[in-house]
Amino acid sequence: MTSSLVRGRPRGVTSHISVRVAHALLGSAAGLVWLVLPGMTTPAEVPVAPTSDVPVASAAAAGGAQDDTSTADLAVPLLAVSAAAVLGGYGWLRRTRRARTRTTPGGAPVPPPAPPVAELDAQVRAALVEADDCVRTSGEELEFAGEPLGPAAEPFAAALRAARSELAAAFRMRQRYDDGVPEEATARRHALAGMTGRCQEAGRRLDAAAAGFVRARALERDPGEAVKGAEARFRGLTARTAAAVAALADLARRYPPSATTPVTGFPEQAQDRLVFATARLNLARQAADLGDLPRAARQLRAAEGAVAQADVLVTAVERLGADLTAAAGLVPAALTGAEAELAALRNAADAPPGTGPAAGDTGARLRQADRVLAAVREDMTGGPYDPLDALRRIVRAVAVLGAGRAGVLSAAALLCARGVTRAAAAFVATHRGAVGAEARTRLAEAERLLAARPAEPLAAEALARRARELAAQDVRQYGRPRAIAAGEASWAEGAVLAGILLGGEPDGGPPAAFGGPRTRTRWARPVRRDE
């Protein structure tokens with residue numbers, strides 16, 4: 001039976017090489033035989049006494065006999081050396097050919113060397129950002145389409161849920177990877193490959209649903225109703241934004257700056273998004289009146305993205321006001337609960353040996369917790385204070401002692417963690433054109449820990465704070481979007497930074513749309529300069 005190694009090599013090439021080498025071998029052997037055959041086949045004559053008195057002839061005859069003998073003696077070694085050289089050349093040719101055309105037993109070429117880990121890591125970061133952008137954009141557009149489509153929107157909602165699940169798994173794997181799990185080099189490579197696969201599956205789910213979503217929404221056939229819906233939502237947000245500006249100013253009067261820092265600048269950014277939405281809605285109306293429905297749909301989608309982000313920003317301000325009010329009402333109860341926890345711990349520490357916790361530095365921690373609670377009480381009576389920060393200090397003071405896992409202190413910890421995480425999520429969502437994978441990963445892990453049963457609010461809050469810091473750093477380093485031509489309106493730059501527009505064109509490029517990596521850019525096309 002012919003081996004798979006032979007089957008995997010082109011037969012014509014192999015036989016051609018073999019024939020040429022065989023011819024070379026036979027030719028060399030024939031030449032050597034022709035050279036030495038006379039000396040090998042002529043018998044050596046028995047020397048006889050010379051009968052002539054001519055010494056020259058005898059000398060010549062003796063010399064001839066010696067030449068024949070030398071040639072015969074060298075024939076076999078020369079033949080062996082030549083044969084070895086020819087066979088060595090044949091072997092070298094076979095090895096060279098095998099190295100060039102080597103195949104596995106299945107006939108598949110040997111895979112190229114694995115790329116460096118740093119290259120794989122960069123690919124995974126890019127895949128996480130792209131998948132997260134696709135999921136966020138798809139969710140925003142589905143919000144606008146959900147009510148008009150009614151039950152027909154369910155297949156697209158199911159695709160979005162599946163994509164979110166894949167993305168969440170990828171972010172979880174990334175967080176573990178950043179934490180050093182797994183440790184072994186090969187396993188870490190496999191983890192990177194798994195993240196890439198999850199991101200690709202999330203995008204595939206959305207790409208598969210995109211065509212049906214486009215047909216169901218039918219913006220390019222009749223964008224009129226969708227324009228009306230976006231305008232109605234725009235008008236409602238205009239009123240809410242004005243209220244958010246006033247509310248944030250009121251919060252700044254009632255609380256210290258630290259209380260409003262998480263949403264500083266949000267009302268102004270919401271106003272910028274609404275200015276952008278106004279311009280794009282007007283362009284959509286004009287294009288629809290002229291019968292240019294594809295252009296109208298493109299401008300409408302950009303306006304919807306801006307309206308959705310303005311909603312995120314205004315909602316963050318509204319929630320902060322509600323959280324501060326709730327925290328102010330919870331601080332007295334949290335103080336009482338913390339003091340009760342400390343009293344119980346102090347009694348346990350004073351118990352006879354063997355019945356209470358190990359001594360260690362428990363006494364020092366108890367004293368430090370007492371000082372924290374006293375400082376909070378002083379802040380409450382000394383003037384405006386930050387109630388969320390007060391709750392945070394109370395919770396942390398008892399957490400280092402292993403207390404505060406239930407009751408009012410647990411509720412306080414959740415309130416603080418949710419507020420910080422929501423503010424970080426709003427920042428990432430409205431600046432996602434610049435935010436990288438690390439900030440998104442920390443935010444995803446914070447949201448996972450808050451949704452866990454039981455929740456882990458302290459760890460979640462720390463991760464959310466880190467996510468906000470990293471995202472702000474990314475935005476500072478981003479600079480001006482290169483897609484915007486010199487002299488273009490600043491709101492177009494903000495739309496690219498926000499991920500509403502994808503860049504690549506003088507006006508900021510096409511709007512992002514429902515779908516995965518292959519379909520979310522479907523509005524990309526050459527546009528007129530006046531767009």
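Numbers here simply count residues along the sequence, with the first being 1.
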Chemist: Quick one, V331 and L335 - any side-chain contact, counting heavy atoms below 4.5 Å?
Modeler: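 They are in contact (side-chain heavy atoms under 4.5 Å apart), so the answer is yes.
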Chemist: Should K228 and E231 count as an ion pair when the cut-off is N to O under 4.0 Å?
Modeler: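 Salt bridge flag = no for E231 with K228.
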Chemist: Can you name the nearest heavy-atom pair linking R422 to D323, along with the distance?
Modeler: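 Smallest interatomic distance, heavy atoms only, reads NH2-OD2, 2.6 Å.
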Chemist: If you define the side chain from C-beta out and look only at heavy atoms, does anything of E143 sit under 4.5 Å from R233?
Modeler: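 Answer yes - side chains close enough.
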Chemist: Are the side chains of E438 and R125 in contact, using a 4.5 Å heavy-atom criterion?
Modeler: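 In short, these two side chains touch, coming nearer than 4.5 Å.
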Chemist: Charged N to carboxylate O below 4.0 Å: is that the case for R432 and E140?
Modeler: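 Yes, R432 and E140 are salt-bridged.
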Chemist: Assess whether a salt bridge exists between R440 and D133, defined as any Lys/Arg side-chain N lying under 4.0 Å from an Asp/Glu carboxylate O.
Modeler: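 So R440 pairs with D133 through a salt bridge.
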Chemist: Can you tell me how far CG of L248 sits from CG of L320, rounded to the nearest 0.5 angstrom?
Modeler: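 The CG atom of L320 sits 7.5 Å away from the CG atom of L248.
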Chemist: To the nearest 0.5 Å, how far apart are CZ in F171 and CD in E166?
Modeler: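 Answer rounded to 0.5 Å: 13.0 Å.
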Chemist: Tell me whether D250 is salt-bridged to R253, with the criterion being a basic N under 4.0 Å from an acidic carboxylate O.
Modeler: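 Looking at R253 together with D250, the answer is yes, because their closest N to O distance falls below 4.0 Å.
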Chemist: Quick one: does any side-chain atom of T519 pair with a main-chain N or O of G516 as donor and acceptor, under 3.5 Å?
Modeler: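 The answer is yes, because a donor-acceptor pair under 3.5 Å joins these two groups.
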Chemist: Looking at R442 and E445, is any side-chain nitrogen of the basic one under 4.0 Å from a carboxylate oxygen of the acidic one?
Modeler: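 R442 and E445: not salt-bridged.
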Chemist: Between T521 (side chain only) and P517 (backbone N and O only), is there a donor and an acceptor less than 3.5 Å apart?
Modeler: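 A pair under 3.5 Å: no.
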Chemist: I'd like to know whether S258 forms a side chain to side chain donor-acceptor pair (under 3.5 Å) with D389, so could you lay out the CA-CA distance, the side-chain angles of the two residues, the decisive distance to 0.1 Å, and finally the verdict.
Modeler: CA-CA 8 Å; S258 63; D389 182 63; 5.7 Å; no
Chemist: Can a salt bridge be assigned to the pair E201 and R204 using a cut-off of 4.0 Å between side-chain N and carboxylate O?
Modeler: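 Result for this pair is yes, salt bridge flagged.
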Chemist: Quick one: pull up CE in M173 and CG in L128 and give me the separation to the nearest 0.5 Å.
Modeler: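 That separation rounds to 10.0 Å.
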Chemist: Between L501 and F276, is the side-chain contact (heavy atoms from CB on, under 4.5 Å) condition met? List the steps.
Modeler: CA-CA 11 Å; L501 301 179; F276 175 83; 3.9 Å; yes
Chemist: Could you check if a side-chain atom of Q123 sits within less than 4.5 angstrom of a side-chain atom of L120, using non-hydrogen atoms only?
Modeler: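 Counting from C-beta outward, Q123 and L120 do come under 4.5 Å.
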Chemist: Between T238 and F234, is there a donor-acceptor pair closer than 3.5 Å when you use the side chain of the first and the backbone of the second?
Modeler: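 Pair found, side chain donor or acceptor close to backbone of F234.
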Chemist: Could you tell me whether the side chain of C416 reaches within less than 4.5 Å of the side chain of V395, counting heavy atoms only?
Modeler: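 Side-chain contact under 4.5 Å: no.
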Chemist: Does the side chain of P294 reach to within under 4.5 Å of the side chain of D292, using non-hydrogen atoms?
Modeler: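 Yes, side chains in contact.
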Chemist: Determine whether R174 and D121 make a side-chain contact, defined as any pair of heavy atoms from C-beta on separated by less than 4.5 Å.
Modeler: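 Side chain of R174 against side chain of D121, heavy atoms only: contact under 4.5 Å found.
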Chemist: Apply side-chain contact (heavy atoms from CB on, under 4.5 Å) to residues F144 and V307 and explain how you reach the verdict.
Modeler: CA-CA 10 Å; F144 284 91; V307 169; 4.0 Å; yes
Chemist: Apply salt bridge (charged side-chain N to carboxylate O under 4.0 Å, His left out) to the pair R164 and E447, showing each step before the final yes or no.
Modeler: CA-CA 13 Å; R164 280 176 174 156; E447 292 173 334; over 6 Å; no
Chemist: Examine distances only and state if a side-chain atom of R280 and a backbone atom of Q299 form a donor-acceptor pair shorter than 3.5 Å.
Modeler: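 No; zero donor-acceptor contacts below 3.5 Å.
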Chemist: Rounded at 0.5 Å granularity, tell me how far CD in E304 sits from CG in L219.
Modeler: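 If we round to the nearest 0.5 Å, E304:CD and L219:CG are 6.5 Å apart.
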Chemist: Going from CZ on R405 to CD on E456, what distance comes out if it is rounded to the nearest 0.5 angstrom?
Modeler: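 Atom-to-atom, R405:CZ and E456:CD are 9.5 Å apart.
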Chemist: What do you reckon, is CD of E184 surrounded by more than 12 foreign heavy atoms closer than 6.0 Å?
Modeler: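 It does: E184 CD has more than 12 such atoms within range.
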Chemist: For a quick check under 3.5 Å, do R520 and S138 share a side-chain donor-acceptor pair by atom type?
Modeler: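 There is no such pair between these side chains.
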Chemist: So, R453 side chain and A451 main chain: donor-acceptor pair closer than 3.5 Å or not?
Modeler: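 Such a contact is found between R453 side chain and A451 backbone.
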Chemist: Tell me which one of T241, V314, I500 satisfies side chain to side chain contact (heavy atoms under 4.5 Å, CB included) with R273.
Modeler: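 Of all the options given, the one that passes is I500.
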Chemist: Do L463 and L443 pass the side-chain contact (heavy atoms from CB on, under 4.5 Å) test, and can you show the C-alpha distance, the side-chain angles, and the key distance before you say yes or no?
Modeler: CA-CA 7 Å; L463 285 164; L443 175 61; over 6 Å; no
Chemist: From F427 CZ over to L470 CG, what is the distance, rounded to the nearest 0.5 angstrom?
Modeler: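 One finds 11.0 Å between CZ of F427 and CG of L470.
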Chemist: Answer yes or no: is there a side-chain heavy-atom contact under 4.5 Å between F514 and R522?
Modeler: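 Side-chain contact under 4.5 Å: yes.
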